[in-house]
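Heads up, the thing below is written out as structure tokens.
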Amino acid sequence: MSSPEQPRVPSTGAVLAREPGWWRSAVVYQIYPRSFADSNGDGIGDIPGITAKVDYLASLGVDVVWLSPVYASPQDDNGYDISDYEDIDPTFGSLADLDALIAALHARGMKLVMDLVVNHTSDEHAWFQESRDPASPKRDWYWWRAAREGSEPGAEWAEPTNWASFFSGSAWQLDERSGEYYLHLFSRKQPDLNWENPEVRQAVYAMMNRWVDRGVDGFRMDVINLISKQPGLADGEAAPGRRFAPAFERFANGPRLEEFLQEMNAAVGLDARHLLTVGEMPGSTIELARRVTDPANAELNMVFTFEHVGLDAQPGGTKWDLAPLHLPVLKQNLASWQEGLAGVGWNSLYWDNHDQPRAVSRFGDDSAEFRVVSAKTLATVQHLHQGTPYVYQGEELGMTNTQFVDISSYRDIESVNYHAEAMSLGLEAETVMRSLAARSRDNARTPVQWDDTSHAGFTQGIPWLPVNPNYVYVNAAAAVADEDSTFHHLRRLIALRHELPVVVEGRFALLLPDHEQLWAFTRTLGEQVLLVVANCSSLPATVPAGALPDVTGARLLLSTHPGAASAELAPWESRVHLVG
Ligand code: TEU
Ligand code: CA
């Protein structure tokens, strides 16, 4: 492999010039291929379906498409279980289809970021198949351990540690072939790679370099803070009566994480080639994120943290233990990340993704009266914080959570496994179903609603997951045709980021931190001050006299209620002024 300094002449001539730090003023659009657009009527979205919508994405103004996995996969976790990193799953298309998508995006000055899922592979990956043989040189490419001392393999409590998988049950699976267990923090079909083994790391870097050669502009790195496990594989603290323990602190943010990230950065030329890199880091702290995103450390550009999407769960509980959300807690949490990384690192900004329920239903108000305005105001608040915003497919349309009839309608392995475990532990069915309705990842995975024709124009076939019944009025055709829609509001927000340096570089300051309804903050760059005031409640709210900078003579850049200037804001009303 030649040194990463000088970009190579790509085989498909697809590499786009990338300026240093371009991603600081970019907006990323996340696509979940299964649910975006189906081009061949099999009811499953695919790459040609995405390519056919590139002009739609260009009209929204986004700069980057992040593609959730399209690699060869048995789809146990919808592609986050990869059996071949260098081929496309026939469900989604072919390498030629991906080249065509890269070319179509690059031709419009847009970039493509691929999902890098290297904490684990599929158990059908050739590497794992070889590793199952105790004598294989690839045995140490995964985490194999004998049964717990004094226990028979397969006996109860014989797992090497009492760790719970993220998808319920044990994080260890016995393999009859060798009588040993392998580690899988997610599903049994997602065995964890052993990053302590330098051969594993070099194989991953070589694969990444081949994707960059093909014209890819960056990587979203799946659970990348799990690749360095804490030494010793010690048991976790199991709750009374529970066999398995959520032992996050035992396997996350390990001692060699930053060493591996720096090694990857150098081996793939992540910084040298100005690739966008964002690491998904559940459980990451401001301190860790500041170090990882500090350019001086040559690790990553930004991380996805999870604190703000965990505030409406019982403290110490799981995501299924619902709790009310207080606005001061949410806005102060995001403010702490703004202040914590300011001047050193860089934030990512998101409400939605393929693992979270729809934001307008969760943080907004998805009633007929307030769905549109609350979606707009949530976007205003998100996009005007400092950092790189991520728009999840359908968020630009104000798509909502859906109504699932019963457990048989769910497809997400995390949800289905949680239901089975919760029922086996005797939890009340009604409570479990309420948690699933509010938090299941399937809420984010219903097909994108393109128009009001059958199956919302997503497919000519039968969709793999039913379309949300509200597609008759919540759809792209209606939104694009309506200048006052969430689509055009987001388009204007993205245009502001491209026009005004204060939106990109302005220093953040939260105002009225304890106000239960109002979310107000400024962004300051030199003489320029951007003031954002948002009423994040379904009741009118009054700005306390003198609490905010005077906007007399200021430019009104964006408002959900044109003409409104009084101190009283309507439900979900938001205003953006530029002072100076
Ligand atoms: O998600 C990791 C992760 O943290 C989520 O599983 C999260 O805990 C949970 O879904 C929130 O409810 C990444 C991918 O984004 C996810 O889709 C995969 O299932 C997972 O890794 C395993 O690859
Ligand atoms: Ca298809």
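Because the structure is predicted, anything quoted here is derived from the model rather than measured. Note that ligands are numbered from 1 as they come in the structure, with each ligand's atoms numbered from 1 the same way.
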Q: Test D442 against D412 for side chain to side chain contact (heavy atoms under 4.5 Å, CB included), laying out the working first.
A: CA-CA 6 Å; D442 277 337; D412 165 34; 3.3 Å; yes

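- Heavy-atom distances between R220 and ligand 1 reach below 4.0 Å in at least one pair.
- Contacts between F304 and ligand 1 below 4.0 angstrom, taking non-hydrogen atoms only, are absent altogether.
- Checked against the 6.0 Å centroid threshold, Y471 and F458 do not count as a close aromatic pair.
- For R34 (side chain) and R445 (main-chain N/O), no donor-acceptor pair under 3.5 Å exists by modelled atom type.
- For D38, the N, O or S atom with the smallest separation from the Ca ion (ligand 2) is OD1.
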Q: Begin with the C-alpha distance, continue with both residues' side-chain angles, and end with the deciding distance and a verdict on ring-ring contact (aromatic ring centres under 6.0 Å, His included) for H125 and Y85.
A: CA-CA 9 Å; H125 193 294; Y85 288 108; 5.5 Å; yes

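- For the pair I224 and M281, the minimum side-chain heavy-atom distance is below 4.5 Å.
- Coordination check, F92 versus the Ca ion (ligand 2): failed, since every N/O/S atom of the residue sits at 3.0 Å or beyond.
- For ligand 1 and K319, the ligand atoms under 4.0 Å from any heavy atom of the residue are 11 (C), 12 (O).
- For the Ca ion (ligand 2), the nearest N, O or S atom contributed by D42 is named OD1.
- Checking N78, V117, D222, D81 against atom 21 (O) of ligand 1, the nearest heavy atom belongs to D222.
- Among the backbone and side-chain atoms of S39, none of the N, O or S atoms lies under 3.0 Å from the Ca ion (ligand 2).
- In the vicinity of F167, heavy-atom distances shorter than 4.0 Å reach the ligand 1 atoms 19 (O).
- With atom 18 (C) of ligand 1 as the reference point, the heavy atom nearest to it among V223, N353, I224, D77 is part of D77.
- For ligand 1, the atoms lying closer than 4.0 Å to a non-hydrogen atom of F306 are 4 (O).
- Between Y56 and W450, the two ring planes are perpendicular [angle over 60°; tilted spans 30° to 60°].
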Q | F128 vs Y182, side chain to side chain contact (heavy atoms under 4.5 Å, CB included): CA-CA, chis, key distance, verdict | A | CA-CA 10 Å; F128 184 74; Y182 65 86; 3.7 Å; yes

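- Every atom of ligand 1 is numbered from 1 in the order shown, and the set under 4.0 Å from a heavy atom of D355 is 1 (O), 5 (C), 10 (O), 12 (O), 13 (C), 14 (C), 15 (O), 16 (C), 17 (O).
- A perpendicular orientation is assigned to the rings of F248 and F251, their planes being inclined by more than 60° (bins at 30° and 60°).
- Ligand 1 lies less than 4.0 angstrom from a heavy atom belonging to H120.
- In D46, the N, O or S atom that comes nearest to the Ca ion (ligand 2) is OD2.
- Using the six-membered ring where Trp is involved, Y32 and H354 have ring planes that are parallel, under 30° apart on the 30 and 60° scheme.
- Residue H354 approaches ligand 1 through these ligand atoms, each under 4.0 Å from one of its heavy atoms: 14 (C), 15 (O), 16 (C), 17 (O).
- The protein heavy atom nearest to atom 20 (C) of ligand 1 is F186 CE2, 3.7 Å.
- For an aromatic pair to be called close, the ring centres must be under 6.0 Å apart, and F186 with Y80 fails this.
- Note: Y350 and H308 meet the aromatic proximity criterion, with ring centroids under 6.0 Å apart.
- Of all the heavy atoms of E414, the ones lying under 4.0 Å from any atom of ligand 1 belong exclusively to the side chain.
- Among all protein heavy atoms, the one lying closest to atom 3 (C) of ligand 1 is E280 OE2, 3.7 Å.
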